[in-house]
Amino acid sequence: MTTTHELSALPAQYDPRETERAIYERWIQAGIFSADEKRSRRNGGDRDPFVVIMPPPNVTAVLHMGHGLNNTVQDVIVRWRRMAGDEALWVPGTDHAGIATQNIIERQLAAEGKTKADLGREAFIERTVAFVTETGGEILRQLRAIGASADWNRTAYTFSPELSRGVREAFVQLYERGLIYRGHRVIHWCPRCMTSLSDEEAEHSEETGNLYHIAYPVVGGKEGATVTVATTRPETMLGDVAVAVHPDDDRYKGLVGKSVLLPIANVEIPVIADEYVDPQFGTGVVKITPAHDPNDFEVGKRHKLPMPVIMAADGTMANGADAGSRVPSDLIGIDRFEARERIVRALEKTKQLTAVKPHQHAVRHCYRCDTVVEPRLSDQWFVKMEPLAKPALKAVRDGTIRILPERWEAVYVNWLENIRDWNISRQLWWGHRVPVWYCDACSCEIVSRTEVSACEKCGGQVRQDDDVLDTWFSSWLFPISTLGWPDKDSAALAAFYPTDDLITAPEILFFWVARMIMAGYAFMDAPPFHTVYLTGTVRDMKHVKMSKSLGNGIDPLDVVSSYGADALRYTVVAGMGMGADLMLDPNDLERSFAPGRNFATKLWNIGRFLLSNVGTSPVRSVDELSDDELTLADRWILGRLNATIFEADAALGPARPEKGKWRPEERYSGLRLSEFAEAARRFVWDDVADWHLETTKGRISGGGDDSEVARSVLTHVFDYALRLLHPVMPFITETLWQRLPVPVAVDRCEFLAIAPWPLPHPRSRAEETAIARFDLVREAVSAVRRIRSDYSVAPGKVMDVAIQSRANGDLFTEHAGLIGRLSRATVNVGSTTAAAGAAHAVLSDGSEIIVPLGGLVDLSKECAKLRGELTQLDSQLDSLSKRLQNESFISRAPANVVESERKKHDDWTTRRAQLAEKVKALCGG
RNA sequence: GGGCGAGUAGCUCAGUUGGUUAGAGCGCCUGCCUUACACGCAGGAUGUCGGGGGUUCGAGUCCCUCCUCGCCCACCA
């Protein structure tokens, strides 16, 4: 793209579809999203690096509003820093998503009437690779449509050879440090996905089930003696190896040491005493099923009990290890829930089911397929988390890392303080294979960074562990592995690690964010980032989370094609408080995205005005303009621009902690994107478009020196407005900026996307008075307009207006023409006496607006209005007087507050007198 | 069961350390196609700031309590 001006006029209507794709293409070709290691200060360059790692979406994902929101926020921040002169890097990527992807392929196979076993492991993986290769890049392509300025040359994939190397390195390092071990214990098992899950992957949900009371006969006791246990999962009773009571429970003291007969399985099991039992709950007797309940497993270990497995991997009943023939033949192969029914019925028949009570309890479900998970005894690989958690906890406590919004810090701390070991092995085919080899000949175990083909000790055959690693075991390395780790000499790692902000959804605070922090300290001895920003959730108008399955989703690409990416981005950014949920109506996209679309159109039309009025020939630089060349309106808008730049910077920054750690006063500041967007919108719409632009209308066409001043100021102001808005609305601002008249003698870069972020103008000193004085002019205009509206004076009729002002007569005299033009009136400034039959208004400086209505209007209306005002003023004045007579107030309130209240009292008193006089003159009495 | 958050205009939400007459967008009402813009312009209405109590000269803001929603965590079978 060239910087020469487009001489053709802008089309009347902005068509995002026509422009967005082309502009994005030019950005890519210019390479402005590519970060250069050598320019990073850490590598001897002259720019601060600013790095954001994109939360990698699943390779199989399709873009939804959640991605839209999250990636827009990231892009706004990255674009802001890029313009601010940082070496900005946004690393994109995807996640191979073990369970999720495998499920999709399995579903495809099922549709073909096949299972993964039919294919075998190798063919299954080949097929999955083919699928991922074909469809995997789709979501990243979609992100380009919303303007994501990521460095696509660095696109990462958790299952790529490079990142896989990091996964192995991490595993081996942790193993060598004794932080990875194989454990035999009860874990969460999804019978549908046929794999183990981590604690985090087994989600709780409150459900009403039943608490079944079952009587177990006491062996050798009195005829008919029983103990009654309570359970929510009767089918697990076949795996019972004991019943337990509390050691101090007098009810059952005599029973401990005796045996009971387990119904159906017909095995004798002991009664034991264990502190774990709560005498208050249920019957005070607990059945102990070590292989199918984590607590019972602990009890079982303490009492050295056998641990029979009575369920197969798919959740059907089976006699597994140590089960003997506990499961009767008619239950074998029966699904666990069906088996529950059957067992309950059988117990009813034998009168051993003594009660069924509804019971609220938390049931865990698989986070991928929602199947109820089954606690199951098995061998898994675990990461010992406590040593890893320590530095991660310290980092947030001491301000090395901050989490926004603040409240999530407590959640984070709570999780880390109660951290439990992480089950990282999955019984899947799709994922990084556990890098452990076994030699059966000498029964040794080899953990290796490279492939092992023969036993190191005996040269015998080896076989690799069948399991793969949890997907999160690769994504927790993302901030380091995408930058080249474990390659210690990686230029990218040196230039860009630690990164800066991490922007993601709170759902993965534990899955991903906390673990990345742990990995950062474990492998780099440094935090991965200094700021975690957790966005809200996108919901529909009933506050239900948007999801494809519920059919209440919005496809961001629909929004892009209807209203443009900028409309989507602005709406999302402006509508979202920090960490707050965003409500959008999937049934009314037009209304939902109106704020963004309307604003984009507004910008477009300002651009059209500029092009047709200011033209395209170079303008003077504002820096050359002297104060006396500028009109009051010019000085006002330049002042407002300065204020807006300050507001924008205050809302967004600081970009990084000034002294390495967040100091208390800066810790929760910045990243208030909606405030930033709102400040920019107010400036463009309320100030530039509604006021300043209107004041230039007579000037530009007038020719001469002032015409040049007006062209210059308006161009400058719009230029800077486009810069401020570019991070939020990159496409339309770039389009308009490319056509802006270039200031004389000012170099400018090729793209707005890399144009310097606005700095406050040096002219700022005199601005405060200019702002106050022009505000009075605006007040006068509004007052006249209100009178016109209140009295229904026809829009076409030019009204005669008199302004009386003691303090600012010169101001109004000077601007009488402007005030008249903006309010459609002929304005005279002087000492006209209040005429009967005229409407009045008082400005904040005490100046009076008088509009003779020439009998057009019923005066009683004006009088009623004035009397109402008077009454209101009286009551306000009354409470203010009381306050000022209150000695506590005078003595305890800060002096400046008291002073301003006094001044207010004086002002109001004057106003009251004027008003009363007016009422008397106009309405008599 | 533990912890956290929210309740402000019809809707979605701002309201920094307590201090002018509580704001914005959308919606609504009135009038306007005023040659950049009807996706617009001008004007307007609407709030016992969830209820109650307290601290204070002063509370939407701080404290207590209650009510209503939401979220996170949790091995009571």
Side-chain angles (χ1 to χ4, degrees), chain A residues 10 12-14 186 204 211 229-233 236 244 276-278 280-283 285-289 293-298 359 361-362 375 405 407-408 410-411 414-415 418 506-507 509-510 537 541 543 563 567 571 574-577 579-585 590-592 594-613 650 665 668-669 672 674-675 678 681-682 689-690 693 697 781-782 785-790 792-796 822-824 872-873 876 880 883 886-894 896-898 900-901 903-904 908:
Chain A
L10 291 171
Q13 196 72 39
Y14 173 57
V186 171
H204 293 275
L211 195 56
V229 301
T231 181
T232 52
R233 297 185 299 148
T236 63
Y276 152 69
V277 180
D278 175 4
Q280 309 303 317
F281 187 88
T283 59
V285 186
V286 185
K287 59 193 272 306
I288 300 299
T289 323
D293 184 283
N295 300 309
D296 294 6
F297 174 75
E298 295 301 322
H359 180 61
H361 61 143
R407 68 190 131 95
W408 288 105
V411 177
N414 185 273
W415 187 74
N418 300 291
E507 288 98 272
L509 179 60
F510 307 143
T537 308
M541 299 317 277
H543 297 198
Y563 312 113
T571 302
M576 184 198 59
D581 291 347
L582 178 70
M583 314 298 166
L584 295 169
D585 189 350
E590 163 128 24
R591 183 171 163 179
S592 292
R597 182 200 53 175
N598 294 355
F599 189 38
T601 306
K602 192 72 188 179
L603 283 173
W604 187 253
N605 283 306
I606 297 172
R608 289 212 301 145
F609 175 87
L610 224 89
L611 212 70
S612 62
N613 287 272
E665 62 271 28
Y668 301 109
S669 66
R672 295 188 305 274
S674 60
E675 283 178 35
E678 171 59 16
R681 188 205 65 84
R682 263 201 315 270
D690 288 350
L693 186 147
K697 277 184 177 169
V781 172
S782 292
R785 285 172 175 170
R786 191 175 308 121
I787 288 168
R788 180 188 295 277
S789 174
D790 283 354
S792 306
V793 178
L822 295 181
S823 63
R824 292 201 190 182
Q872 201 192 345
L873 198 53
Q876 285 168 357
L880 193 55
R883 203 163 172 198
N886 184 331
E887 279 181 32
S888 313
F889 173 70
I890 301 298
S891 59
R892 296 197 198 185
N896 60 328
V897 172
V898 176
S900 82
E901 295 291 85
K903 189 179 177 307
K904 198 196 331 177
W908 287 6

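Protein chains get the first letters and strands the later ones, always in sequence-line order, with residue 1 at the start of each.
A gap of 15 Å separates the P atoms of U17(B) and G7(B), to the nearest Å. When the C1' atom is compared between C11(B) and G3(B), the two are found 31 Å apart, to the nearest whole Å. Across the C1' atoms, G50(B) and U61(B) are found 16 Å apart, a figure rounded to whole Å. Across G54(B) and C73(B), the matching C1' atoms stand 33 Å from one another, rounded to whole Å. Comparing G58(B) with G44(B), their C1' atoms sit 32 Å apart, to the nearest whole Å. As rounded to the nearest Å, G27(B) and G18(B) have P atoms that lie 37 Å from one another. Taking the C1' atom of each, G15(B) and A59(B) are spaced 14 Å apart, rounded to whole Å. Comparing the P positions of U16(B) and U8(B) gives a spacing of 16 Å, expressed to the nearest Å.
Looking at residues two or more places apart in sequence or on another chain, you find a side-chain contact (heavy atoms from CB on, under 4.5 Å) between Ala794(A) and Lys797(A). Here Phe510(A) pairs with Trp415(A) under the ring pair (Phe, Tyr, Trp, His ring centres under 6.0 Å) rule; sequence neighbours left out. The ring pair (Phe, Tyr, Trp, His ring centres under 6.0 Å) search around Tyr563(A) returns none, not counting sequence neighbours. In this structure His359(A) satisfies the ring pair (Phe, Tyr, Trp, His ring centres under 6.0 Å) test together with Phe281(A), His361(A), sequence neighbours excluded. The salt bridge (charged side-chain N to carboxylate O under 4.0 Å, His left out) search around Asp581(A) returns Arg539(A), not counting sequence neighbours. With sequence neighbours excluded, the residues satisfying side-chain contact (heavy atoms from CB on, under 4.5 Å) with Ser823(A) are Val781(A), Val784(A), Arg785(A), Ile819(A), Ala825(A). Contacts of Arg233(A) classified as side chain to side chain donor-acceptor pair (under 3.5 Å), with partners at least two apart in sequence or in another chain: Glu374(A). Here Arg681(A) pairs with Glu678(A) under the side chain to side chain donor-acceptor pair (under 3.5 Å) rule; sequence neighbours left out.
Between Val411(A) and Leu509(A) there is a side-chain heavy-atom pair separated by less than 4.5 Å. Looking at Thr601(A) and Tyr14(A), their side chains never come closer than 4.5 Å, going by heavy atoms from C-beta outward. In this structure, Arg608(A) and Ile606(A) have side chains that are not in contact, with every pair of non-hydrogen atoms separated by 4.5 Å or more.
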Any chance you could list the contact pattern along nucleotides 70-77 of chain B? Use B for base contacts, S for sugar-phosphate-only contacts and - for none, protein heavy atoms under 4.0 Å, 5' to 3'.
--SSBBBB

Reading nucleotides 19-30 of chain B from the 5' end, what letters show protein touch, with B for base, S for backbone sugar-phosphate only, - for no heavy atom under 4.0 Å?
BSB--SSBS---

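C13(B) atom C1' lies 16 Å from atom CZ of Arg672(A), rounded to whole Å. Spacing between atom CE of Met583(A) and atom C1' of G7(B) amounts to 13 Å, rounded to whole angstrom units. One atom, CD of Glu590(A), and another, P of C39(B), lie 8 Å apart when rounded to the nearest Å. With rounding to whole Å, Arg682(A) atom CZ is found 15 Å from A14(B) atom P.
Between Thr236(A) atom OG1 and Asp296(A) atom CG the span is 7.5 Å, to the nearest 0.5 Å. In this structure, CG in Leu582(A) is found 9.0 Å from OG1 in Thr571(A), a value given to the nearest 0.5 Å. Here Leu603(A) contributes atom CG and Asn598(A) contributes atom CG; the two are 11.5 Å apart, rounded to the nearest 0.5 Å.
Side-chain atoms of Arg824(A) come within 3.5 Å of backbone N or O of Pro795(A) as a donor-acceptor pair.
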Polar atom pairs between nucleotides 34-37 of chain B and protein, under 3.5 Å, N or O only, would you list them?
residue : atom : partner   : partner atom : Å
U34(B)  : O4'  : Arg824(A) : NH2          : 2.5
U34(B)  : N1   : Arg824(A) : NH2          : 3.0
A36(B)  : OP1  : Lys697(A) : NZ           : 3.4
A36(B)  : O2'  : Asn605(A) : OD1          : 2.9
A36(B)  : O2'  : Arg608(A) : NH2          : 2.9
A36(B)  : N6   : Ala689(A) : O            : 3.2
A36(B)  : N6   : Glu694(A) : OE2          : 3.2
A36(B)  : N3   : Asn605(A) : O            : 3.2
C37(B)  : O4'  : Asn605(A) : OD1          : 3.1
C37(B)  : O4'  : Asn605(A) : ND2          : 3.2
C37(B)  : O2'  : Asn605(A) : ND2          : 3.2
C37(B)  : O2   : Lys602(A) : NZ           : 2.8
C37(B)  : N3   : Lys602(A) : NZ           : 2.9

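If you check every strand for non-hydrogen atoms under 4.0 Å, Glu298(A) touches nothing. Arg407(A) comes within contact range of the sugar-phosphate backbone alone, with a heavy-atom separation under 4.0 Å but no base atom that close.
Considering only side-chain N and O atoms, Arg788(A) lies nowhere under 4.0 angstrom from the phosphate OP1 or OP2 of G43(B).
A stem is defined here as three or more consecutive Watson-Crick or G-U pairs, each with both distances under 3.5 Å; for RNA chain B these stems are B:1-7 with B:67-73, B:10-13 with B:23-26, B:28-32 with B:40-44, B:50-54 with B:62-66.
Each of Arg785(A) and Leu582(A) lies near RNA chain B, and the nucleotide nearest Leu582(A) is the one positioned closer to the 5' end.
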